[in-house]
Amino acid sequence: MSVLRTEARRTIAPWLLFALLAVGLGFFFLFSGPWWKDAEAWNLQWTPSILWSRYLLSLLWPIIVCAAAIQGMRDRRSGMDELLATTPLPVARRTAKVGLVIGLSAVAGYLLIVAIGLGQVIANDGVFTFTWVLPLLVGVASVVAGAAVGLAVGRLLPHPLTAPAAGVVALVVGVFLQVGGVRGSAVQQAVPNRIALLSPAGGQPYSAFVDPVVSVSIGQLCWLLGLAATGFLVLAARRWFAVLPALVGLAIAIPIFPATATDNFVDNPSAAAPVCDGPVCVTALHGEWLSTVAGPGKDALALLAKLPSAPTHVVETTTSENRAHGPGDPSALVVRRDDAELRDVSGRDLEYELLATAPFCSGPPTATKARYIIASWLLGDPGDPPHADDYGSWLTTPMHDVGAQLRALPAAEQLARVSAAYQAQQTCSGDPYALLTGASQ
C-alpha cells in the first residue's frame, strides 16, 4: 500500500479523480436535462441511474484517456527510459504500478458518481432489481479500458500534442458511435448498430420500463476488457501480439450484438405489471400514483359515459412520449404518468387533464383546443385548464368563445357535436375542432 501511495503522489491520479468528479457531478447537478425528468431520471430508478452514468462517459472517457496519456509519457519525456532499462526491475512490473494507480483513480471517480446517483435512488424508494449489475460492470470496464488505452498511447507517442489529441479523438469517436446508431440523431443511424455498441459510452435511456439485453452487456464487457488488456500489454511489452485481446473481444462481441437498435433493450414485466383500483390501473413502477389518480380517474370515466363508445377503464401506458401512436383500444383511457400535463396535478385538475387525454395523432394543431373544449363541456365549464399559462390565449380564447357558442345550442345538438368530436379525436380521423364549431357540417 505504501508503494501505491507513493506512486499516487508521483502521478496525475489525484488530479484525474478531481477532474472526473468535477465534470461528472457538475454535469448532473448544474444542468437541467432529461437526466432529471420522468421515471428514467438519474435519481429515481436503479437501472436508469447506472445507464445515465454510462451516458456520462461520453465526457469522462476523453478525460481519462488524456490524463493517462500524460502519465504514459512520463518516463520517455523525462529522459529516464534508457536509465530504467538498465535496472533489474522488468518493464511490466514497473508499468504495472502506474497502470494500477491510474486505473484505480479512474474507477474510484466513476464509482463515486454512480454511488451518489444510487444513493438518491434509495432515498426516493426506487424499485430494486438486479438488472443494473451488468451495465455497471460495463461502465467500470470502459473506465479501465480508457486508462489502459491512454497509458499505451502516451508511451508509444511521447509528444506534447499526444495527450490533447488523444482526448479529442476519444471524444469525437465516442460521441459519434454513441449517437450514430440512434434514430432521430444528427447522423440518423449512419453507424450500424453492432458498431455503435462498441462505444465506450452508453446511449441515453429513454424508458424505465426496459432493460439492456444481456447479450449486449456481455458483448460490451468482452470488447472493453479486451481493449483494456491490449492497452496494458502495449504499455508493458510493445509487441505485435498485444492487439490479440482486443481482436478476440471484438470477435466475440460483434456476433452477439443485435442487428438493430430496437433489439438492444427488452421489456421489464415487473415494472410494467398493472396495479389497479377498480377500473383505474397504473404500472407497478408508479404504484404510489394510484392513490392520486384513482378518484379523478373514476370521476372522469363517469362523465365520459354519456358519450357513445366511451372508455370504461383507465390504463397507464409504458411507451415513451416521443413515440407517435395512433388510435388504440376505444374502451381504454390511456395515460402516461410522466406527461407534462399529468405531472404534479391532482384532484379536480387531474380529472380535467384526464378528460382532455386523447391519442397522439398527426392531425391539425387545433386538435389540442378541441380536447380541452370537450373536457370543459363535460365538467360544466370549470374555467381554464390547469396548464393554461403554458398555452396562453392561443388556447383560452377559443375555449371560451367556442365553449359559449356550444352551450348556447340545444342540449341534443351539444351532445351530438361533442360526441362526434370525441369520436374523431379517439380514432385520429377528421377535424375535432371543426366538428365542435359546426364548420364541418
Side-chain angles (χ1 to χ4, degrees), residues 38-40 44-45 124-129 207-210 267-321 323 325-361 368 370-383 385-387 414-415 418-428 432:
D38 298 348
E40 60 271 16
L44 290 183
Q45 302 299 334
N124 290 323
D125 295 325
V127 178
F128 180 83
T129 65
S207 175
F209 296 100
V210 296
D267 291 336
N268 184 338
S270 61
V275 179
C276 302
D277 181 350
V280 180
C281 296
V282 300
T283 61
L285 190 68
H286 295 142
E288 80 288 346
W289 189 49
L290 183 60
S291 60
T292 301
V293 73
K298 294 173 184 177
D299 293 340
L301 291 175
L303 291 175
L304 287 168
K306 66 178 68 175
L307 304 179
S309 303
T312 57
H313 59 283
V314 177
V315 60
E316 181 191 0
T317 182
T318 60
T319 59
S320 168
E321 63 180 347
R323 188 181 304 171
H325 56 88
D329 181 5
S331 67
L333 179 61
V334 181
V335 298
R336 184 174 181 271
R337 168 67 178 88
D338 293 318
D339 277 344
E341 290 84 0
L342 301 183
R343 194 180 298 138
D344 300 324
V345 293
S346 59
R348 187 73 162 176
D349 288 346
L350 180 54
E351 182 183 355
Y352 203 137
E353 293 294 350
L354 291 175
L355 289 171
T357 299
F360 179 84
C361 306
T368 299
R371 291 194 294 112
Y372 283 101
I373 292 172
I374 293 172
S376 176
W377 182 84
L378 289 169
L379 286 169
D381 188 23
H387 296 89
Q414 293 182 42
L415 180 60
V418 171
S419 299
Y422 184 80
Q423 185 68 16
Q425 75 177 12
Q426 296 301 312
T427 57
C428 294

Side chain proximity check, [X] to [Y], heavy atoms < 4.5 angstrom:
X      : Y      : answer
His286 : Asp338 : yes
Trp377 : Leu415 : yes
Ser309 : Gln423 : yes
Leu378 : Leu304 : yes
Val293 : Arg337 : no
Glu316 : Cys281 : no
Ile374 : Gln425 : yes

request  = Under the side-chain contact (heavy atoms from CB on, under 4.5 Å) rule, what do Leu379 and Arg348 come out as? Steps first, then yes or no, please.
outcome  = CA-CA 10 Å; Leu379 286 169; Arg348 187 73 162 176; 3.5 Å; yes
Shortest non-hydrogen separation from [X] to [Y] and the atoms involved:
X      : Y      : result
Arg371 : Ala358 : CD-CB, 3.5 Å
Pro432 : Ala421 : O-CB, 3.5 Å
Pro311 : Tyr422 : CD-OH, 3.3 Å
Gly287 : Val282 : CA-CG2, 4.2 Å
Ser419 : Leu307 : OG-CD2, 3.6 Å
Ala271 : Phe209 : O-CE2, 3.6 Å

task = Output the distance between atom CD (Gln45) and atom CG (Asp125), rounded to the nearest 0.5 Å.
result =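 The CD atom of Gln45 sits 10.0 Å away from the CG atom of Asp125.
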message = Once rounded to the nearest 0.5 Å, what's the spacing between atom CG of Leu354 and atom CD of Glu351?
response =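 It is 7.5 Å, given to the nearest 0.5 Å.
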Please say which of [options] ends up in a side chain to side chain contact (heavy atoms under 4.5 Å, CB included) with [X].
X      : options                : result
Thr357 : Val335, Asp339, Val314 : Val335
Val315 : Leu333, Val334, Thr283 : Val334
Pro386 : Leu342, Asp349, Asp344 : Asp349

With sequence neighbours excluded, residues passing salt bridge (charged side-chain N to carboxylate O under 4.0 Å, His left out) with Glu353 =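 For Glu353 there are no salt bridge (charged side-chain N to carboxylate O under 4.0 Å, His left out) partners, ignoring immediate neighbours.
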ask   = Are the side chain of Thr317 and the backbone of Arg336 linked by a donor-acceptor contact shorter than 3.5 Å?
value =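 Between the backbone of Arg336 and the side chain of Thr317 there is no qualifying donor-acceptor contact (under 3.5 Å).
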inquiry  = When you measure from the side chain of Asn268 to the backbone of Ser270, do you find a donor-acceptor pair of N or O atoms at a distance under 3.5 Å?
reply    =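 Here the side-chain-to-backbone pair exists.
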